[in-house]
Amino acid sequence: MKKEVVVIGLGYVGLPSVVNHVKNGHQVTGFDIDQRKIDLLNQGVSDIDTVSDKTIMTLKEKGVIFTADEKMIKNKDVYIIDVPTPIDSNKIPDLSYVEAAVKLIIDKVKIGSLIVLESTTYPGTTEEYLVEKFSSLGYKIGTDLFIAYSPERIDPGNTQSLKAKIPRIVAGFSEGCLIQAQAFFGSHVTAVTDLKTAELAKIYENTFRLVNIALADELQKISDDLRIDVGEVLAAAATKPFGFMKFTPNLGIGGHCIPVDPYYLTWLMETRGIKTPLIDTAGKINDSMLDYYLQQINDYVTGNKQTMTSMTIAVLGVTYKKNVADIRMSSVMTLIEKLKTMGAHVVAFDDVLHNYHHKSQEEIRSLAGKYQQLKTFDLVIYAVDHDSYENKKPMIIENSQLFYDLTTA
Ligand SMILES: NC(=O)c1ccc[n+]([C@@H]2O[C@H](COP(=O)([O-])OP(=O)(O)OC[C@H]3O[C@@H](n4cnc5c(N)ncnc54)[C@H](O)[C@@H]3O)[C@@H](O)[C@H]2O)c1
(Lines give C-alpha, C1' and ligand atoms only; values in the text may rest on other atoms or scores of the structure.)
Protein backbone atom coordinates (compact mmCIF):
# COMPACT_ATOMS: atom_id res chain seq x y z
CA MET A 1 0.00 0.00 0.00
CA LYS A 2 1.28 3.46 -0.89
CA LYS A 3 2.61 5.28 2.18
CA GLU A 4 3.80 8.80 2.89
CA VAL A 5 7.43 8.28 3.88
CA VAL A 6 9.98 10.69 5.35
CA VAL A 7 13.68 9.84 5.16
CA ILE A 8 15.68 11.82 7.74
CA GLY A 9 19.33 12.28 6.75
CA LEU A 10 20.14 12.22 3.02
CA GLY A 11 23.67 10.84 3.05
CA TYR A 12 25.22 7.62 1.75
CA VAL A 13 22.39 5.64 3.33
CA GLY A 14 19.45 8.04 3.25
CA LEU A 15 19.59 9.09 -0.40
CA PRO A 16 19.63 5.51 -1.80
CA SER A 17 16.87 4.78 0.72
CA VAL A 18 14.73 7.49 -0.90
CA VAL A 19 15.36 5.82 -4.28
CA ASN A 20 14.23 2.43 -2.94
CA HIS A 21 11.06 3.71 -1.31
CA VAL A 22 10.09 5.52 -4.51
CA LYS A 23 10.69 2.26 -6.44
CA ASN A 24 8.37 0.54 -3.98
CA GLY A 25 5.64 3.01 -4.92
CA HIS A 26 5.69 5.32 -1.89
CA GLN A 27 5.36 9.10 -1.74
CA VAL A 28 8.70 10.21 -0.28
CA THR A 29 9.97 13.37 1.41
CA GLY A 30 13.72 13.58 1.97
CA PHE A 31 14.64 15.75 4.95
CA ASP A 32 18.13 16.98 5.87
CA ILE A 33 19.35 19.75 8.16
CA ASP A 34 22.04 20.64 5.59
CA GLN A 35 20.40 23.41 3.53
CA ARG A 36 23.28 23.37 1.01
CA LYS A 37 22.63 19.70 0.28
CA ILE A 38 18.88 20.35 -0.09
CA ASP A 39 19.52 23.25 -2.47
CA LEU A 40 21.77 21.03 -4.60
CA LEU A 41 19.19 18.22 -4.64
CA ASN A 42 16.50 20.69 -5.67
CA GLN A 43 18.76 21.77 -8.55
CA GLY A 44 19.01 18.08 -9.54
CA VAL A 45 22.56 17.66 -8.20
CA SER A 46 23.53 14.72 -6.02
CA ASP A 47 26.46 15.03 -3.63
CA ILE A 48 26.62 11.26 -3.18
CA ASP A 49 28.61 9.53 -5.92
CA THR A 50 26.48 6.37 -5.72
CA VAL A 51 23.32 8.28 -6.72
CA SER A 52 23.52 10.09 -10.06
CA ASP A 53 22.16 13.54 -10.91
CA LYS A 54 19.90 11.79 -13.43
CA THR A 55 18.38 9.72 -10.63
CA ILE A 56 17.73 12.87 -8.60
CA MET A 57 15.89 14.40 -11.57
CA THR A 58 13.80 11.23 -11.92
CA LEU A 59 12.97 11.34 -8.21
CA LYS A 60 11.83 14.91 -8.52
CA GLU A 61 9.69 14.06 -11.55
CA LYS A 62 8.10 11.34 -9.45
CA GLY A 63 7.14 13.89 -6.81
CA VAL A 64 9.89 13.46 -4.24
CA ILE A 65 10.29 16.53 -2.05
CA PHE A 66 13.73 17.46 -0.70
CA THR A 67 13.48 19.83 2.21
CA ALA A 68 15.11 21.25 5.32
CA ASP A 69 11.76 22.64 6.42
CA GLU A 70 10.44 20.78 9.46
CA LYS A 71 6.85 21.75 8.66
CA MET A 72 6.98 19.56 5.54
CA ILE A 73 7.36 16.31 7.48
CA LYS A 74 4.28 16.44 9.68
CA ASN A 75 1.71 13.62 9.94
CA LYS A 76 3.45 11.07 7.73
CA ASP A 77 2.96 7.30 7.79
CA VAL A 78 6.61 6.28 8.02
CA TYR A 79 9.75 7.99 9.41
CA ILE A 80 13.11 6.43 8.50
CA ILE A 81 16.12 7.71 10.47
CA ASP A 82 19.44 7.61 8.56
CA VAL A 83 21.60 10.05 10.53
CA PRO A 84 25.30 9.63 11.39
CA THR A 85 26.46 7.61 14.39
CA PRO A 86 30.13 8.62 14.72
CA ILE A 87 32.62 8.20 17.55
CA ASP A 88 34.46 11.05 19.22
CA SER A 89 38.26 11.43 19.48
CA ASN A 90 38.22 9.01 22.45
CA LYS A 91 36.28 6.45 20.39
CA ILE A 92 33.13 7.01 22.47
CA PRO A 93 29.77 6.71 20.62
CA ASP A 94 28.17 10.01 19.69
CA LEU A 95 24.40 9.58 19.57
CA SER A 96 23.64 13.29 19.40
CA TYR A 97 22.43 12.98 15.78
CA VAL A 98 19.98 10.22 16.66
CA GLU A 99 18.84 12.25 19.65
CA ALA A 100 18.32 15.31 17.43
CA ALA A 101 16.41 13.30 14.80
CA VAL A 102 14.07 11.93 17.47
CA LYS A 103 13.57 15.42 18.89
CA LEU A 104 12.78 16.62 15.38
CA ILE A 105 9.95 14.15 14.78
CA ILE A 106 8.45 14.15 18.28
CA ASP A 107 5.76 16.67 17.36
CA LYS A 108 5.49 15.48 13.75
CA VAL A 109 4.36 11.87 14.09
CA LYS A 110 0.69 10.93 14.02
CA ILE A 111 -1.17 8.05 15.62
CA GLY A 112 -0.23 4.97 13.60
CA SER A 113 3.14 6.25 12.35
CA LEU A 114 5.94 3.71 11.90
CA ILE A 115 9.41 4.93 12.96
CA VAL A 116 12.43 2.95 11.79
CA LEU A 117 16.00 3.58 12.91
CA GLU A 118 18.48 2.41 10.24
CA SER A 119 21.67 3.98 11.63
CA THR A 120 24.28 1.56 12.98
CA THR A 121 24.47 1.61 16.75
CA TYR A 122 24.98 -0.43 19.93
CA PRO A 123 22.33 -2.84 21.26
CA GLY A 124 19.81 -0.97 23.36
CA THR A 125 19.82 2.33 21.40
CA THR A 126 16.38 2.03 19.78
CA GLU A 127 14.82 1.29 23.13
CA GLU A 128 16.78 3.97 24.98
CA TYR A 129 16.47 6.80 22.42
CA LEU A 130 13.15 6.06 20.71
CA VAL A 131 10.89 3.72 22.68
CA GLU A 132 11.55 5.36 26.07
CA LYS A 133 11.23 8.86 24.64
CA PHE A 134 7.90 8.31 22.91
CA SER A 135 6.55 6.19 25.80
CA SER A 136 7.37 9.01 28.23
CA LEU A 137 5.12 11.26 26.15
CA GLY A 138 2.22 8.90 26.69
CA TYR A 139 2.31 6.95 23.39
CA LYS A 140 1.62 3.22 23.65
CA ILE A 141 4.28 1.67 21.44
CA GLY A 142 2.79 -1.11 19.34
CA THR A 143 -0.67 0.48 19.40
CA ASP A 144 -0.36 4.27 18.94
CA LEU A 145 3.09 4.27 17.37
CA PHE A 146 5.21 1.52 15.85
CA ILE A 147 8.97 1.48 16.40
CA ALA A 148 11.44 -0.79 14.59
CA TYR A 149 15.14 -1.17 13.93
CA SER A 150 16.40 -2.26 10.52
CA PRO A 151 20.12 -1.78 9.85
CA GLU A 152 21.30 -0.62 6.44
CA ARG A 153 23.75 -2.92 4.65
CA ILE A 154 24.60 -0.83 1.62
CA ASP A 155 28.25 -1.17 0.48
CA PRO A 156 29.32 1.93 -1.50
CA GLY A 157 31.51 1.14 -4.48
CA ASN A 158 30.50 -2.52 -4.47
CA THR A 159 28.54 -2.87 -7.70
CA GLN A 160 27.52 -6.42 -6.71
CA SER A 161 25.73 -5.06 -3.66
CA LEU A 162 23.95 -2.43 -5.73
CA LYS A 163 22.73 -4.92 -8.32
CA ALA A 164 21.49 -7.55 -5.88
CA LYS A 165 18.63 -6.82 -3.53
CA ILE A 166 20.33 -6.96 -0.15
CA PRO A 167 18.47 -9.07 2.44
CA ARG A 168 17.33 -6.95 5.35
CA ILE A 169 17.10 -7.65 9.08
CA VAL A 170 14.10 -6.21 10.88
CA ALA A 171 13.07 -6.14 14.52
CA GLY A 172 10.15 -4.45 16.22
CA PHE A 173 9.69 -3.31 19.80
CA SER A 174 6.57 -5.51 19.88
CA GLU A 175 4.88 -8.03 17.62
CA GLY A 176 2.67 -5.20 16.30
CA CYS A 177 5.70 -3.06 15.49
CA LEU A 178 7.37 -5.97 13.67
CA ILE A 179 4.26 -6.67 11.59
CA GLN A 180 4.10 -3.00 10.50
CA ALA A 181 7.82 -2.91 9.65
CA GLN A 182 7.70 -6.20 7.74
CA ALA A 183 4.69 -5.02 5.76
CA PHE A 184 6.55 -1.82 4.87
CA PHE A 185 9.86 -3.40 3.83
CA GLY A 186 8.21 -6.34 2.03
CA SER A 187 10.34 -9.18 0.69
CA HIS A 188 14.03 -9.92 1.46
CA VAL A 189 13.36 -9.38 5.16
CA THR A 190 14.54 -11.55 8.04
CA ALA A 191 12.69 -10.85 11.25
CA VAL A 192 14.63 -11.27 14.48
CA THR A 193 13.33 -11.61 18.03
CA ASP A 194 13.99 -8.14 19.36
CA LEU A 195 15.59 -4.76 18.71
CA LYS A 196 18.86 -5.61 20.48
CA THR A 197 19.37 -8.73 18.36
CA ALA A 198 19.08 -6.69 15.15
CA GLU A 199 21.39 -3.98 16.52
CA LEU A 200 24.01 -6.53 17.60
CA ALA A 201 23.77 -8.44 14.29
CA LYS A 202 24.70 -5.30 12.34
CA ILE A 203 27.58 -4.36 14.65
CA TYR A 204 28.84 -7.97 14.55
CA GLU A 205 28.87 -7.92 10.72
CA ASN A 206 31.26 -4.96 10.71
CA THR A 207 33.30 -6.20 13.68
CA PHE A 208 33.75 -9.49 11.79
CA ARG A 209 35.30 -7.48 8.96
CA LEU A 210 37.57 -5.49 11.28
CA VAL A 211 38.88 -8.65 12.97
CA ASN A 212 39.52 -10.44 9.68
CA ILE A 213 41.18 -7.44 8.07
CA ALA A 214 43.43 -7.19 11.15
CA LEU A 215 44.33 -10.88 10.67
CA ALA A 216 45.24 -10.14 7.04
CA ASP A 217 47.30 -7.16 8.27
CA GLU A 218 49.18 -9.53 10.56
CA LEU A 219 49.68 -11.90 7.64
CA GLN A 220 51.22 -8.99 5.74
CA LYS A 221 53.78 -8.48 8.51
CA ILE A 222 54.48 -12.24 8.73
CA SER A 223 54.88 -12.54 4.94
CA ASP A 224 57.16 -9.49 4.74
CA ASP A 225 59.41 -10.92 7.44
CA LEU A 226 59.54 -14.32 5.72
CA ARG A 227 59.99 -12.64 2.31
CA ILE A 228 56.86 -14.27 0.92
CA ASP A 229 54.42 -12.47 -1.38
CA VAL A 230 51.29 -11.90 0.75
CA GLY A 231 49.15 -11.49 -2.37
CA GLU A 232 50.15 -14.92 -3.60
CA VAL A 233 49.47 -16.48 -0.17
CA LEU A 234 45.99 -14.97 -0.07
CA ALA A 235 45.20 -15.93 -3.65
CA ALA A 236 46.33 -19.50 -2.94
CA ALA A 237 44.27 -19.73 0.27
CA ALA A 238 41.26 -18.32 -1.58
CA THR A 239 41.22 -21.31 -3.95
CA LYS A 240 39.68 -23.30 -1.07
CA PRO A 241 35.99 -23.35 -1.95
CA PHE A 242 34.71 -23.50 1.64
CA GLY A 243 35.65 -22.29 5.13
CA PHE A 244 37.80 -19.40 3.89
CA MET A 245 36.91 -15.83 3.08
CA LYS A 246 39.52 -13.50 1.59
CA PHE A 247 40.27 -10.25 3.41
CA THR A 248 43.19 -8.07 2.38
CA PRO A 249 45.78 -6.11 4.37
CA ASN A 250 45.12 -2.42 4.58
CA LEU A 251 46.93 0.85 5.17
CA GLY A 252 44.28 1.47 7.80
CA ILE A 253 40.57 0.92 7.33
CA GLY A 254 38.76 4.08 6.30
CA GLY A 255 35.17 5.13 5.76
CA HIS A 256 32.57 5.56 8.43
CA CYS A 257 31.60 1.99 9.25
CA ILE A 258 34.39 -0.46 10.07
CA PRO A 259 36.68 2.04 11.87
CA VAL A 260 33.68 3.21 13.90
CA ASP A 261 31.04 0.57 14.55
CA PRO A 262 33.13 -1.94 16.57
CA TYR A 263 33.83 0.82 19.10
CA TYR A 264 30.09 1.11 19.75
CA LEU A 265 30.24 -2.48 20.94
CA THR A 266 33.47 -2.27 22.93
CA TRP A 267 32.24 0.92 24.62
CA LEU A 268 28.95 -0.73 25.58
CA MET A 269 30.66 -3.82 26.97
CA GLU A 270 33.13 -1.71 28.92
CA THR A 271 30.23 0.04 30.65
CA ARG A 272 29.03 -3.45 31.60
CA GLY A 273 32.45 -4.58 32.87
CA ILE A 274 32.97 -7.12 30.06
CA LYS A 275 36.30 -7.27 28.22
CA THR A 276 36.52 -7.55 24.41
CA PRO A 277 40.24 -8.33 23.90
CA LEU A 278 39.98 -9.69 20.36
CA ILE A 279 38.14 -6.63 19.03
CA ASP A 280 40.46 -4.30 20.97
CA THR A 281 43.54 -5.98 19.49
CA ALA A 282 42.08 -5.90 15.98
CA GLY A 283 41.51 -2.16 16.37
CA LYS A 284 45.10 -1.65 17.55
CA ILE A 285 46.52 -3.70 14.64
CA ASN A 286 44.47 -1.62 12.23
CA ASP A 287 45.75 1.57 13.84
CA SER A 288 49.36 0.30 13.57
CA MET A 289 49.35 -0.34 9.83
CA LEU A 290 49.97 3.18 8.64
CA ASP A 291 53.25 3.46 10.55
CA TYR A 292 54.15 -0.07 9.46
CA TYR A 293 53.74 0.77 5.75
CA LEU A 294 55.46 4.11 6.24
CA GLN A 295 58.49 2.23 7.57
CA GLN A 296 58.29 -0.21 4.63
CA ILE A 297 58.22 2.68 2.17
CA ASN A 298 61.15 4.31 3.95
CA ASP A 299 63.16 1.05 3.82
CA TYR A 300 62.39 0.75 0.10
CA VAL A 301 63.53 4.32 -0.54
CA THR A 302 66.75 4.00 1.48
CA GLY A 303 67.34 0.60 -0.15
CA ASN A 304 67.39 2.55 -3.42
CA LYS A 305 69.97 4.93 -1.99
CA GLN A 306 67.56 7.83 -1.61
CA THR A 307 66.05 9.67 1.33
CA MET A 308 62.44 10.69 1.99
CA THR A 309 63.54 14.21 2.97
CA SER A 310 63.02 16.53 0.00
CA MET A 311 61.86 13.67 -2.19
CA THR A 312 59.02 14.40 -4.65
CA ILE A 313 56.28 11.83 -4.26
CA ALA A 314 53.12 11.23 -6.30
CA VAL A 315 50.39 9.41 -4.40
CA LEU A 316 47.84 7.71 -6.66
CA GLY A 317 44.42 7.33 -5.07
CA VAL A 318 43.36 9.03 -1.84
CA THR A 319 39.81 7.85 -1.19
CA TYR A 320 39.04 5.43 1.63
CA LYS A 321 38.00 2.79 -0.83
CA LYS A 322 38.40 1.76 -4.47
CA ASN A 323 36.03 3.43 -6.99
CA VAL A 324 34.35 5.57 -4.32
CA ALA A 325 34.62 9.38 -4.26
CA ASP A 326 34.63 9.53 -0.47
CA ILE A 327 37.64 10.78 1.44
CA ARG A 328 36.23 10.54 4.97
CA MET A 329 38.56 8.75 7.40
CA SER A 330 40.88 7.87 4.52
CA SER A 331 44.22 6.58 5.81
CA VAL A 332 45.88 7.74 2.58
CA MET A 333 45.24 11.34 3.60
CA THR A 334 46.97 10.68 6.95
CA LEU A 335 49.85 8.99 5.09
CA ILE A 336 50.25 12.09 2.92
CA GLU A 337 50.39 14.32 6.00
CA LYS A 338 53.05 12.08 7.56
CA LEU A 339 55.13 12.04 4.36
CA LYS A 340 55.00 15.84 4.33
CA THR A 341 56.17 16.09 7.95
CA MET A 342 59.11 13.88 6.93
CA GLY A 343 60.07 16.61 4.46
CA ALA A 344 58.76 15.04 1.26
CA HIS A 345 57.02 17.13 -1.38
CA VAL A 346 53.78 15.23 -2.05
CA VAL A 347 51.28 15.59 -4.87
CA ALA A 348 48.04 13.64 -4.58
CA PHE A 349 46.17 12.32 -7.61
CA ASP A 350 42.69 10.81 -7.54
CA ASP A 351 40.74 10.76 -10.76
CA VAL A 352 37.59 9.26 -9.20
CA LEU A 353 37.41 12.03 -6.59
CA HIS A 354 38.49 14.72 -9.03
CA ASN A 355 35.95 13.75 -11.69
CA TYR A 356 33.17 13.50 -9.17
CA HIS A 357 33.79 16.87 -7.56
CA HIS A 358 33.96 18.56 -10.94
CA LYS A 359 37.52 19.81 -10.37
CA SER A 360 36.68 21.61 -7.14
CA GLN A 361 39.32 19.67 -5.17
CA GLU A 362 42.34 21.73 -6.11
CA GLU A 363 44.74 19.99 -3.76
CA ILE A 364 43.89 16.65 -5.34
CA ARG A 365 44.82 16.48 -8.99
CA SER A 366 43.70 14.42 -11.93
CA LEU A 367 46.20 12.25 -13.77
CA ALA A 368 43.85 12.46 -16.76
CA GLY A 369 45.70 9.70 -18.58
CA LYS A 370 48.95 11.72 -18.73
CA TYR A 371 51.17 9.04 -17.26
CA GLN A 372 54.38 10.69 -18.47
CA GLN A 373 54.02 13.36 -15.77
CA LEU A 374 54.82 10.64 -13.20
CA LYS A 375 58.39 10.61 -14.54
CA THR A 376 58.98 13.95 -12.79
CA PHE A 377 58.50 12.35 -9.35
CA ASP A 378 61.19 10.47 -7.44
CA LEU A 379 58.63 8.00 -6.12
CA VAL A 380 55.08 6.92 -7.01
CA ILE A 381 53.01 5.42 -4.21
CA TYR A 382 50.13 3.42 -5.64
CA ALA A 383 47.61 3.70 -2.80
CA VAL A 384 44.11 2.97 -4.18
CA ASP A 385 43.48 0.63 -7.10
CA HIS A 386 40.56 2.47 -8.71
CA ASP A 387 39.58 0.59 -11.89
CA SER A 388 40.85 3.50 -14.03
CA TYR A 389 44.34 3.11 -12.48
CA GLU A 390 44.32 -0.68 -12.30
CA ASN A 391 43.59 -0.94 -16.03
CA LYS A 392 46.66 1.22 -16.80
CA LYS A 393 48.96 -0.11 -14.09
CA PRO A 394 51.76 -1.29 -16.45
CA MET A 395 51.90 2.21 -17.92
CA ILE A 396 51.98 3.78 -14.46
CA ILE A 397 54.86 1.48 -13.43
CA GLU A 398 56.69 2.14 -16.70
CA ASN A 399 56.55 5.90 -16.03
CA SER A 400 57.64 5.67 -12.39
CA GLN A 401 61.25 6.10 -11.27
CA LEU A 402 60.49 4.24 -8.04
CA PHE A 403 57.12 2.53 -7.55
CA TYR A 404 55.68 1.37 -4.22
CA ASP A 405 52.45 -0.61 -4.35
CA LEU A 406 50.20 -0.51 -1.28
CA THR A 407 47.56 -2.66 -2.97
CA THR A 408 49.49 -5.81 -3.80
CA ALA A 409 47.24 -8.16 -1.84
N1 LIG B 1 27.89 4.86 4.52
C2 LIG B 1 27.75 3.55 4.57
O3 LIG B 1 28.34 2.81 3.77
C4 LIG B 1 26.85 2.92 5.60
C5 LIG B 1 26.46 1.58 5.42
C6 LIG B 1 25.62 1.01 6.35
C7 LIG B 1 25.21 1.77 7.46
N8 LIG B 1 25.63 3.03 7.63
C9 LIG B 1 25.15 3.78 8.80
O10 LIG B 1 24.09 4.64 8.37
C11 LIG B 1 24.09 5.85 9.14
C12 LIG B 1 24.18 7.05 8.22
O13 LIG B 1 25.43 6.99 7.56
P14 LIG B 1 25.75 7.80 6.23
O15 LIG B 1 27.00 7.22 5.68
O16 LIG B 1 24.54 7.87 5.36
O17 LIG B 1 26.04 9.25 6.83
P18 LIG B 1 26.24 10.59 6.00
O19 LIG B 1 27.11 11.44 6.84
O20 LIG B 1 26.62 10.28 4.59
O21 LIG B 1 24.78 11.22 5.95
C22 LIG B 1 24.07 11.60 7.09
C23 LIG B 1 23.16 12.77 6.74
O24 LIG B 1 22.37 13.06 7.90
C25 LIG B 1 22.20 14.46 7.96
N26 LIG B 1 21.78 14.81 9.32
C27 LIG B 1 22.52 14.88 10.44
N28 LIG B 1 21.73 15.19 11.49
C29 LIG B 1 20.47 15.30 11.02
C30 LIG B 1 19.22 15.59 11.61
N31 LIG B 1 19.09 15.82 12.91
N32 LIG B 1 18.13 15.63 10.82
C33 LIG B 1 18.25 15.41 9.49
N34 LIG B 1 19.40 15.11 8.87
C35 LIG B 1 20.50 15.06 9.63
C36 LIG B 1 23.54 15.01 7.53
O37 LIG B 1 23.43 16.35 7.12
C38 LIG B 1 23.91 14.06 6.39
O39 LIG B 1 23.44 14.53 5.16
C40 LIG B 1 25.25 5.71 10.13
O41 LIG B 1 24.77 5.16 11.31
C42 LIG B 1 26.16 4.71 9.44
O43 LIG B 1 26.96 4.01 10.37
C44 LIG B 1 26.43 3.64 6.72
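As the structure lists them, so they are numbered: ligands from 1, and atoms in each ligand from 1. Please read all numbers here as calculations on a predicted model, not as lab measurements.
- From the protein, the heavy atom lying nearest to atom 26 (N) of ligand 1 is I33 CG1, 3.9 Å.
- Looking at R36, R153, E70, R328, it is R328 that brings a heavy atom closest to atom 19 (O) of ligand 1.
- Note that the OG1 atom of T334 and the CG atom of L290 stand 6.0 Å from one another [nearest 0.5 Å].
- At the top of the distance list for atom 5 (C) of ligand 1, counting protein heavy atoms only, stands I154 O, 3.5 Å.
- The nearest heavy-atom contact from the protein to atom 33 (C) of ligand 1 is I8 CG2, 3.4 Å.
- In the candidate list T50, V13, T85, T85 is nearest to atom 41 (O) of ligand 1, counting heavy atoms.
- Proximity to K37 (heavy-atom distance under 4.0 Å) selects the following atoms of ligand 1: 39 (O).
- In terms of protein heavy atoms, atom 21 (O) of ligand 1 is closest to G11 CA, 3.1 Å.
- The CD atom of E127 sits 10.5 Å away from the CD1 atom of I141 when rounded to the nearest 0.5 Å.
- When non-hydrogen atoms are compared, ligand 1 lies under 4.0 Å from the side chain of C257 (C-beta onward) but not from its backbone.
- With 3.5 Å as the limit, one finds no donor-acceptor pair spanning the side chains of Y263 and E270.
- The closest side-chain donor-acceptor pair between H26 and D77, if any, does not fall under 3.5 angstrom.
- D217 and Y292 share no donor-acceptor pair across their side chains, judged by distance under 3.5 Å alone.
- Of all protein heavy atoms, the one lying nearest to atom 6 (C) of ligand 1 is E152 O, 3.2 Å.
- Nearest protein neighbour of atom 9 (C) of ligand 1, counting heavy atoms only, is T120 OG1, 3.5 Å.
- Residue nearest to atom 12 (C) of ligand 1, selected from I73, T121, V83: V83 (by heavy-atom distance).
- By heavy-atom distance, the residue among A100, G255, S96, G9 lying nearest atom 31 (N) of ligand 1 is A100.
- In this structure, the protein non-hydrogen atom closest to atom 1 (N) of ligand 1 is H256 CE1, 2.7 Å.
- In summary, K202 and D261 do not engage in a salt bridge, as defined by a charged side-chain N under 4.0 Å from a carboxylate O.
- Ring orientation note: the planes of F208 and F247 are nearly perpendicular, at an angle over 60° on the 30°/60° scale.
- Closest heavy-atom approach to atom 37 (O) of ligand 1 among the candidates L10, I81, D32: D32.
- Not one N or O of K202 is nearer than 3.5 Å to an N or O of ligand 1, by distance alone.
- Counting atoms of ligand 1 from 1 in the listed order, those under 4.0 Å from a heavy atom of F31 are 32 (N), 33 (C).
- At a heavy-atom cutoff of 4.0 Å, ligand 1 is contacted by the backbone of D82 but not by its side chain.
- Rounding to the nearest 0.5 angstrom, the gap separating the CD atom in E152 from the CD atom in E118 is 5.5 Å.
- Heavy atoms of K321 found under 4.0 angstrom from ligand 1: none, in either backbone or side chain.
- No side-chain N or O of Q43 forms a donor-acceptor pair with one of D39 less than 3.5 Å apart.
- Using modelled atom types, one finds no donor on one side chain facing an acceptor on the other under 3.5 Å when comparing T319 with D326.
- In E99, neither the side chain nor the backbone holds a heavy atom less than 4.0 Å from any atom of ligand 1.
- For ligand 1, the atoms lying closer than 4.0 Å to a non-hydrogen atom of S119 are 11 (C), 41 (O).
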Note to self: One pair to check against ring-ring contact (aromatic ring centres under 6.0 Å, His included): H21 and F184. What are the steps and the verdict?
What the structure shows: CA-CA 9 Å; H21 299 311; F184 176 67; 5.1 Å; yes
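- Taking any N or O of Y12, backbone or side chain, at least one lies under 3.5 Å from an N or O belonging to ligand 1.
- Taking the charged nitrogens against the carboxylate oxygens, D69 and K71 do have a contact shorter than 4.0 Å, which makes a salt bridge.
- Looking from atom 3 (O) of ligand 1 to the surrounding protein, the closest heavy atom is P156 CD, 3.1 Å.
- No hydrogens or angles considered: nothing links the side chains of D291 and Q295 as a donor-acceptor pair under 3.5 Å.
- Residue contacts with ligand 1: K103 is excluded, as none of its non-hydrogen atoms falls under 4.0 Å.
- The distance from ligand 1 to the heavy atoms of Y97 drops below 4.0 Å at these ligand atoms: 27 (C), 28 (N).
- Salt bridge absent: K91 and D280 never bring a charged side-chain N and a carboxylate O closer than 4.0 Å.
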